Each structure stands twice: as structure tokens, then as C-alpha cells.
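Notes for the one structure printed next.
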Protein chains: 2
Amino acid sequence: MLNDIIFYSLDKTIKQYRQFAQANIDRAGFDITIDQWLVLTVIGESPELGQAEIADRVFKDQASVARIIELLVKKKLLHQTASQTDRRRIVRKLTKEGKQLLEAVAPIISRNRAIALNELEPAAIDQLRDTLETIFTNCRFAHKLANEPVSD
Amino acid sequence: MLNDIIFYSLDKTIKQYRQFAQANIDRAGFDITIDQWLVLTVIGESPELGQAEIADRVFKDQASVARIIELLVKKKLLHQTASQTDRRRIVRKLTKEGKQLLEAVAPIISRNRAIALNELEPAAIDQLRDTLETIFTNCRFAHKLANEPVSD
DNA sequence: TTTTATTTAATGATATATCATAGATTTGCT
DNA sequence: AGCAAATCTATGATATATCATTAAATAAAA
């Protein structure tokens with residue numbers, strides 16, 4: 001049974017959460033995806049980050065972040081201008097609409113999380129976090145080990 | 001900190017696992033994605049299932065399954081013929097190559113899982129499964145409640 | 001100061017996710 | 001039988017994921 005496979009449970013759970021959380025945002029009438037919201041939030045908190053650094057934080061690919069940013073700009077939630085000091089870089093700034101949208105969506109996100117964690121003791125959540133962290137570390141270690149086998 | 005948010009941890013962990021697991025399949029020289037492998041496995045076990053039922057089992061969308069199947073056929077891992085008894089349906093059958101690939105990849109998948117769960121007690125894994133199941137149920141319940149508010 | 005290496009963003013190609021809908025077929029109801 | 005509802009696959013549109021590569025600019029090295 002697929003449910004016995006822990007990675008299937010992980011995948012299933014995160015997908016169900018996303019579906020539920022996105023539906024609540026949609027229902028409230030906001031035109032933004034969870035991923036866009038996440039990237040916009042990070043930029044709002046740290047506007048000086050480059051795409052690769054944003055990608056690191058949200059655990060996405062640089063290319064994915066680039067395309068999400070493109071959409072955020074198209075939606076006029078984010079404003080970009082070329083940096084004067086380093087012309088490879090781009091200076092990002094949330095628009096007024098961007099800030100307002102973040103604020104408006106924040107309580108929905110909080111509520112979603114609370115509902116999802118309903119009936120779970122704080123200890124169980126801590127334990128979940130720890131276990132996930134262990135799995136993450138195991139995978140990352142093995143992945144890096146295989147990809148960079150010899151250090152010179 | 002994003003790491004405090006349990007759904008970020010979930011997302012991050014599953015992504016790291018996928019990356020690591022896929023890299024091992026690639027490195028072994030097999031031309032198949034984890035998702036394709038999953039769908040192929042389910043079809044191998046239950047060839048009578050329709051796209052929607054397969055989608056249910058692997059927790060994907062029917063449309064996603066349709067496109068994954070399309071690729072499996074293109075790769076000659078799967079064979080399809082129109083059903084004689086119900087011409088909406090399609091009879092699926094793994095090709096010899098499909099079966100061989102599944103067998104060849106199986107030990108890699110097992111090893112990936114074992115590595116990912118390294119140092120975790122069985123009790124911790126059970127607990128993880130339970131907690132994920134609770135979150136899943138919470139989200140599904142809330143989602144259904146909102147989408148089908150009145151039962152007639 | 002040229003050359004080389006690195007950084008940054010953009011983009012092509014392909015795979016998957018999601019929602020919606022179309023088209024064909026079958027089933028259920030009357 | 002005849003129509004409506006349900007079923008099944010295919011596909012369009014858009015968003016995201018992933019890998020690879022390019023182009024431009026800067027930093028580091030020779």
C-alpha cells in the first residue's frame with residue numbers, strides 16, 4: 001500500500017495542504033498563488049536579495065524564482081529597476097498594491113496553518129519538524145556526497 | 001524564520017528527497033522520472049485502472065496522469081489498446097522494457113528510502129506518518145466543508 | 001591592462017500540477 | 001427507444017520545477 005511509504009504520505013499531505021490553502025485564498029478573492037505570495041513575502045522582508053538568494057530561502061530554483069518575479073511584476077505587485085552600483089543586479093521594491101495584498105492575505109495564511117495543525121500537540125509538531133529535518137539532512141548529505149565525491 | 005513554518009519544512013524535505021532520489025536514478029543510467037516510475041508501478045500492479053483511479057492512488061490530477069502515460073507510451077514502457085467492451089476505456093499493459101525497467105529501478109528506490117530514513121527509529125517514522133495523516137485529514141475536511149457547504 | 005573566472009538574470013526545453021472543458025461513449029431513467 | 005447524466009480520455013491554458021545555457025557585467029588573476 002502506497003500509504004506505507006513515507007514519501008508518498010509527505011507528498012500527499014503537502015499537496016492537500018496546498019490545495020486547501022490556495023482554495024481559501026481564491027475564495028477570499030485574492031489573485032495570487034501561494035508560491036507568489038511566498039516569494040513576495042521574502043522580497044518584502046529582504047529586498048536586497050538576488051534571485052539565487054531568494055531561491056535558496058524559499059527552496060526553489062533560480063529559474064522558478066525568475067518566472068515568479070516576472071508574474072509579480074506583471075501583476076504590479078512588485079517594481080524592478082536596474083541597480084546603479086552593479087548593473088547585473090536589480091533593485092526590487094513592493095508596490096503599494098503588493099504590500100496591501102500581503103497584509104490582506106496574511107490572516108488567511110495564518111488561519112490555514114492553524115486549521116491544518118488542529119488537534120496536534122505542540123510536542124507533536126516539534127517532533128514532526130525534527131524528523132523532517134533529519135530526513136532532509138540525510139538526503140542532502142547523500143546527495144552532496146555523490147555529486148562532489150572527491151575534495152581536492 | 002521560514003524554517004519555523006511546518007509547511008515550509010515539509011516542502012523543503014520532499015523536494016530534497018526528490019532531488020536526491022532522482023539523481024540516483026539518473027546516475028544509474030535509467031531514463032525515467034520518479035513520477036513516471038510511480039505511475040508505471042501502479043499500472044503494473046493494477047492494469048485495469050482508469051486514469052482517474054490511477055490519479056487517486058498516486059495523488060495526482062487526472063490530466064497529469066494522462067500526460068505521464070503519454071510519455072510512458074512514447075518511451076515504449078507501456079502499451080495501450082482501445083478496450084473492446086467499453087470504447088471509452090483503454091487497456092494498458094507494461095511492455096517487456098517497462099517491466100525490466102521497474103525491476104531494475106526498484107532496488108535504487110529502496111536504497112534511497114533507506115538512506116533518507118537513516119538514524120530514524122521506527123517509532124519516529126510511525127509518529128511522522130500519524131502526524132502527516134492528521135494534517136492531511138484536517139486539510140481535506142476543511143477543504144471539503146468549504147466546497148460542499150450544504151448537503152441536500 | 002588584457003585575460004579569465006565568477007556572478008546575475010533571462011530563457012529554452014521538458015516535465016509536472018491544476019483547472020476547465022471538449023468529445024466520445026456508456027449508463028440510467030422514463 | 002430516446003434523452004439526460006455520468007464516465008473516460010484528451011487537451012488548452014497557465015503556473016511551477018529543473019537543468020542547461022546564454023549574455024552581460026563585474027571581480028580576480030596574469
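The shown structure was predicted, so the numbers you read here are calculated from the model rather than taken from an experiment. Note that these values count all heavy atoms, side chains included, but never hydrogens, waters or copies made by symmetry. Per chain, numbering begins at 1; letters A, B, ... match sequence-line order.
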Any donor-acceptor N/O pair under 3.5 Å between dT18(D) base and R67(A) side chain | yes
Per R87(A) side chain, nearest of listed nucleotides dA15(D), dT26(D), dC19(D) | dT26(D)
Between E53(A) and R89(A), the two heavy atoms sitting closest are OE1-NH2, 3.7 Å
Can you name the nearest heavy-atom pair linking D31(B) to K75(B), along with the distance?
-> O-NZ, 3.1 Å
Among dA17(C), dA15(C), dT16(D), the one nearest any side-chain atom of D35(A) is dT16(D)
Does R89(B) place a side-chain N or O at less than 4.0 Å from the phosphate oxygens OP1/OP2 of dA10(D)?
-> no
D61(A) with R67(A): basic N within carboxylate O range, under 4.0 Å | no
Mapping K75(B) and E53(A) onto DNA chain C by nearest heavy atom, which one lands closer to the 5' end?
-> E53(A)
Taking atom types as they are modelled, is there a donor-acceptor pair under 3.5 Å from the base of dA10(D) to the side chain of Q62(B)?
-> yes
Name the residue closer to the 5' end of DNA chain D, choosing between D86(A) and I34(A) according to the nucleotide with the nearest heavy atom.
-> I34(A)
Name the closest nucleotide to the I68(B) side chain, picking from dA17(C), dG12(C), dA9(C).
-> dA17(C)
Nearest-Å distance, CD1 (I14(B)) to C1' (dA17(D))?
-> 14 Å
Salt-bridge contact D11(B)-K60(A) (side-chain N to carboxylate O under 4.0 Å) | no
Between P of dT18(C) and CG of D56(B), the distance in whole Å | 13 Å
Under 3.5 Å, is there an N or O donor on one side and an acceptor on the other linking the side chain of R88(B) and the base of dT7(D)?
-> yes
Per T33(B) side chain, nearest of listed nucleotides dC19(D), dA15(C), dT18(C) | dA15(C)
How close or far is atom P of dA24(C) from atom CD of Q51(B), stated in whole angstroms?
-> 17 Å
Atom pair distance, as rounded to whole Å: CZ in R18(A) and C1' in dA17(C) = 10 Å
Is any side-chain nitrogen or oxygen of K60(A) closer than 4.0 Å to OP1 or OP2 of dT16(D)?
-> no
With the threshold set at 4.0 Å, does a side-chain nitrogen-carboxylate oxygen contact exist between R92(B) and E45(B)?
-> no
Would you indicate which nucleotide in dT16(D), dT18(D), dA15(C) comes nearest to any side-chain atom of A63(A)?
-> dT18(D)
V91(A)-V65(A) co-clustered via ILVMFWY side chain contacts under 4.5 Å = no
Contact class for Q19(A) (heavy atom, under 4.0 Å): base, sugar-phosphate, or nothing?
-> sugar-phosphate
Could you tell me the separation between the CD1 atom of I69(B) and the P atom of dT16(C), rounded to a whole number of Å?
-> 12 Å
Would you kindly give the NZ-to-C1' distance between K74(B) and dA15(C), to the nearest whole Å?
-> 11 Å
At under 4.0 Å between heavy atoms, what does Q36(B) touch on the DNA or RNA strands: base, sugar-phosphate, or nothing?
-> sugar-phosphate
Between CG of D61(A) and C1' of dT8(C) the distance, given in whole Å, is 14 Å
For I90(B) and dT25(C), what is the distance between atoms CD1 and C1' respectively, to the nearest whole Å?
-> 13 Å
